[in-house]
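Note sheet for the following structure.
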Amino acid sequence: LVLYATCILLVVSSLYVLRHFADSRRNLPPGPPSWPLIGNLLDLGALPHRSLARLAERHGPLMTLRLGALTTVIASTADTARDVLQRHDAAFSARSVPDAVRACAYDSLSMGWLPPSSPHWRALRKLCSGELFAPHRLDAHQSIRREKVQQLVSHVDRLSREGAPVDISLVVFTTALNLLSCTIFSADIADLDDIGGSGQFMAVISESLQVAGQPNLSDFFPAVAPLDPQRLRKRLAERTAGEPPKNDFMDVLLDYRGLEDGRGLDREMLRALLMDLFIAGSDTSAATFEWAMAELLQNPSSMAKAREELAQVIGSRSEIEESDIGQLKYLQAIVKEVFRLHPPAPLLLPRQAEATTELRGYMVPKGARVMVNVWAIGRDGELWSEPERFMPERFLGKDMDYRGRDFELLPFGSGRRICPGMPLAMRMVHLMLATLLYRFEWKLPKEVEENGVDMGEKFGIVLALATPLEALAEPV
Ligand code: HEM
């Protein structure tokens with residue numbers, strides 16, 4: 001037995017030494033030592049963005065880890081993020097696709113996973129930026145968002161009259177889904193008064209984002225029944241029966257002939273696009289909102305300042321318009337501060353090196369996974385004073401933005417893969433936050449007030465609060 005154990009120990013340590021030797025010859029960025037087979041998987045823990053930030057303090061802003069067989073390079077500062085996302089955008093714009101996604105061929109259809117070299121990816125990005133997220137399109141759908149936000153207000157109003165707490169992320173998630181579905185199909189897909197149904201929807205989407213390393217998409221797609229295929233089939237039937245078009249995004253999609261050789265999108269492509277939009281758009285917006293409320297409820301002076309600003313700008317009007325957002329400087333600063341401290345996608349989406357690329361004197365090998373730890377950048381003491389403190393004031397009078405030009409603040413990523421839904425997300429988040437702060441006073445339930453808000457995180461592609469935030473609303 002001793003001989004057997006000694007042999008294993010010898011093999012393991014030789015592999016370990018050989019790996020180190022090979023790595024130094026390949027001139028990879030430095031990183032922690034890794035075990036044979038599992039590599040550094042054990043180093044990740046339950047909250048990888050935090051573990052990676054700690055490791056980067058020791059090993060540097062550009063660091064190599066072995067995640068199983070996969071060489072992974074992590075950028076953890078604004079400068080290295082700029083190198084990856086701007087200077088070498090072309091080399092690192094492909095996605096590192098998880099196996100499960102590949103297994104159900106979702107990667108060959110989805111905007112989120114297709115490589116930028118694919119004409120289909122380019123057609124989808126063009127379609128979305130021209131027809132869904134362009135300012136004139138967003139302006140045209142403003143009344144839909146206003147109506148959905150009014151429904152949210154009525155729902156919160158009813159809960160407040162019943163003395164019931166508001167499950168913040170659930171009501172905002174439901175509203176965000178309906179904002180998206182009304183823009184796309186001209187119909188709601190979730191019901192604020194049937195929160196159980198929305199809860200199931202949210203569980204499916206959150207879970208898929210949680211286990212994004214191995215999402216079994218082929219299992220979870222059929223579970224999202226209200227989306228598809230019924231609606232597609234229904235709309236196609238309406239079309240053949242001569243019903244007038246609804247002039248929403250679905251009509252644009254059904255009429256679309258912009259693929260190479262003038263083809264339109266087939267059913268599978270349409271389905272993948274709708275899933276992309278709903279998955280990418282709902283949980284991220286709900287998480288942003290929930291973190292914002294969690295911070296504001298613990299920072300009453302910031303909450304008060306936001307409400308004062310709203311009273312000044314909105315005056316005696318009862319409804320807030322999207323055109324008001326530009327004047328709400330403090331509210332905008334709150335959203336930036338939330339993105340800095342709690343970026344909804346803390347590691348963005350994984351990229352892949354298309355070719356072996358030199359970065360800061362090191363070599364990032366072809367095929368390596370490349371990640372940017374935007375969570376670490378948001379808490380970098382070299383960039384931010386008192387980085388752990390929620391202080392929206394730090395953004396007042398500063399030109400810094402989250403649109404991908406300032407590498408200190410990258411909640412939507414940057415470069416050619418930057419989030420295409422950002423213009424819609426920003427309207428939704430600001431409008432919902434402004435309206436709920438303007439129409440209600442908020443406080444924590446007594447028990448939470450006494451014990452403090454649990455700010456623990458649940459890691460996935462989207463970083464959410466581990467304990468859903470509940471708050472009591474009082475109409476003003
Ligand atoms: C990609 C963040 C809302 C659709 C991404 C990425 C991030 C992100 C970090 C990856 C960027 C990269 O790799 O550099 C967010 C945040 C949101 C939000 C923080 C809300 C607060 C939305 C909305 C939609 C959307 C509302 C659409 C309705 C997409 C799509 C991609 C994407 C389709 C994949 C793009 C590609 O790979 O080419 N988002 N997003 N997102 N987002 Fe968003």
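In listed order, ligands and their atoms are each counted from 1.
The protein atom (non-hydrogen) at minimum distance from atom 2 (C) of ligand 1 is Pro411 O, 3.5 Å. Here the heavy atom of the protein found nearest to atom 13 (O) of ligand 1 is Arg95 NH1, 2.8 Å. Arg125 NH1, 3.4 Å is the protein heavy atom nearest to atom 35 (C) of ligand 1. The single protein non-hydrogen atom nearest to atom 34 (C) of ligand 1 is Gly112 CA, 3.7 Å, given as residue, atom name and distance. The shortest contact between atom 14 (O) of ligand 1 and any protein heavy atom is with Arg351 NH2, 2.5 Å. Scanning the protein for heavy atoms near atom 11 (C) of ligand 1, the closest one is Arg417 O, 3.3 Å. Nearest protein neighbour of atom 27 (C) of ligand 1, counting heavy atoms only, is Phe133 CZ, 3.6 Å.
Proximity to Thr288 (heavy-atom distance under 4.0 Å) selects the following atoms of ligand 1: 21 (C). Each of the atoms 28 (C) of ligand 1 lies under 4.0 Å from some heavy atom of Leu180. Taking every heavy atom of Leu277 and a limit of under 4.0 angstrom, the matching atoms of ligand 1 come to 27 (C), 28 (C). Near Pro344, meaning under 4.0 Å from one of its heavy atoms, ligand 1 places the atoms 19 (C).
Contact between Ser51 and Asp43 at its shortest, heavy atoms only, is CB-O, 3.3 Å. Between Arg416 and Asp89, the shortest heavy-atom distance links the atoms N-OD2, 3.0 Å.
Take Asp139 and apply the side chain to side chain contact (heavy atoms under 4.5 Å, CB included) test, not counting sequence neighbours, and it matches Gln142, Arg427. Considering only residues two or more places apart in sequence or on other chains, Leu383 meets the side chain to side chain contact (heavy atoms under 4.5 Å, CB included) condition with Ala78, Ile377, Asp380, Glu408. Residues passing the salt bridge (charged side-chain N to carboxylate O under 4.0 Å, His left out) test with Arg54, sequence neighbours excluded: none.
Of the residues listed (Tyr330, Phe339, Trp384), the one engaging Phe395 in a ring-ring contact (aromatic ring centres under 6.0 Å, His included) is Trp384, and it is the only one.
Looking at Phe289 against ligand 1, nothing comes within 4.0 Å, counting heavy atoms. At a heavy-atom cutoff of 4.0 Å, ligand 1 is contacted by the side chain of Trp121 but not by its backbone. At a heavy-atom distance under 4.0 Å, no atom of Leu85 approaches ligand 1.
Of the charged side-chain nitrogens involved, none lies within less than 4.0 Å of a carboxylate oxygen, so that Glu309 and Lys329 do not count as a salt-bridged pair. The pair Glu322-Arg146 does not meet the salt-bridge criterion, since no charged nitrogen lies less than 4.0 angstrom from a carboxylate oxygen.
Below the 2.8 Å limit, atom 43 (Fe) of ligand 1 has as protein N, O or S neighbours Cys419 SG.
At most 12 heavy atoms of other shown residues, nucleotides or ligands fall within 6.0 angstrom of atom NZ in Lys126. Asp266 CG: more than 12 foreign heavy atoms inside a 6.0 Å radius.
Checking Ser96 against Arg351 by side-chain atom types alone, no donor-acceptor pair falls below 3.5 Å.
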